[in-house]
Amino acid sequence: MSDSIVKNESFELAISGVNFYKHLVSEKKEFVMSKQFLRSITSVGANVREAANAQSKLDFIHKLSIAQKECDESMYWLELLKETKYIEEKDFKRIYSQSTEVLK
């Protein structure tokens, strides 16, 4: 899984998520939901990395399923931020579509 597409895409998603978090905190002054979003979005890639070092096939599957859950949670926080008017549709679509690709 060293040059895995999932590994690369989840890392890029984390970078986008961190930059998005910085925007939410500095520009929108939103601290609670954005922190939850940051934790879940960075956890996706971390769990994909852990899966690469799994001790068994079951451990591998377990780590990837955690990454999947964290990605879905990140999408939830994005939906909530959009519906509460903290983020604009264009920003939502950009990172939401990136999350959808990683989730697939």
Side-chain angles (χ1 to χ4, degrees):
M1 203 167 161
S2 60
D3 273 357
S4 163
I5 291 171
V6 176
K7 181 180 169 185
N8 295 337
E9 292 296 320
S10 62
F11 186 73
E12 290 299 320
L13 179 62
I15 291 169
S16 295
V18 169
N19 289 328
F20 193 63
Y21 166 78
K22 291 190 292 189
H23 167 74
L24 285 169
V25 170
S26 66
E27 301 297 320
K28 301 293 183 173
K29 305 298 183 211
E30 200 300 309
F31 302 98
V32 178
M33 290 183 285
S34 59
K35 187 67 149 191
Q36 290 290 103
F37 168 74
L38 178 66
R39 287 181 178 147
S40 61
I41 202 81
T42 55
S43 181
V44 176
N47 279 289
V48 168
R49 281 278 175 103
E50 284 189 44
N53 298 304
Q55 296 174 338
S56 66
K57 185 176 181 178
L58 284 177
D59 189 33
F60 176 80
I61 292 168
H62 177 69
K63 298 295 187 210
L64 284 184
S65 70
I66 292 171
Q68 182 181 19
K69 289 176 184 181
E70 293 292 337
C71 192
D72 191 49
E73 180 182 339
S74 300
M75 294 167 77
Y76 167 81
W77 292 117
L78 285 169
E79 291 166 9
L80 191 57
L81 286 161
K82 180 183 75 124
E83 293 301 318
T84 54
K85 309 291 187 241
Y86 277 103
I87 60 176
E88 296 177 20
E89 186 73 25
K90 67 177 177 66
D91 296 323
F92 169 80
K93 284 182 178 179
R94 181 181 52 79
I95 198 158
Y96 197 86
S97 66
Q98 194 177 4
S99 299
T100 302
E101 285 302 309
V102 170
L103 187 61
K104 289 178 182 179

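A quick note: this is a predicted structure, and the numbers were derived from the prediction, not measured.
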d(Ile66 CD1, Cys71 SG) to nearest 0.5 Å is 14.0 Å

Write down the atom of [X], the atom of [Y], and the distance for their closest heavy-atom approach.
X      : Y     : value
Leu13  : Ser99 : CD1-OG, 3.6 Å
Val25  : Glu30 : CG2-O, 3.7 Å
Leu103 : Met75 : CD2-SD, 3.8 Å
Ser43  : Glu70 : OG-CG, 3.3 Å

Between [X] and [Y] (side chain of the first, backbone of the second, donor and acceptor by atom type, cut-off under 3.5 Å), is there such a pair?
X     : Y     : value
Glu50 : Ala52 : no
Lys29 : Ser26 : yes
Asp91 : Ile87 : no
Asn19 : Ile15 : yes

Are more than 12 heavy atoms from other residues, nucleotides or ligands located less than 6.0 Å from atom [atom1] of [X]?
X     : atom1 : value
Phe11 : CZ    : no
Lys82 : NZ    : yes
Glu89 : CD    : yes

Carefully, step by step, assess Thr84 and Met33 under the rule side chain to side chain contact (heavy atoms under 4.5 Å, CB included).
-> CA-CA 11 Å; Thr84 54; Met33 290 183 285; 3.8 Å; yes

Give the intermediate values and the outcome of side chain to side chain contact (heavy atoms under 4.5 Å, CB included) for residues Phe37 and Leu78.
-> CA-CA 7 Å; Phe37 168 74; Leu78 285 169; 3.7 Å; yes

If Ile, Leu, Val, Met, Phe, Trp and Tyr residues are connected whenever their side-chain heavy atoms lie under 4.5 Å apart, and connections chain through other members, are Leu80 and Val44 in the same group?
->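 They do share one cluster, since a chain of ILVMFWY contacts under 4.5 Å joins Leu80 to Val44.
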
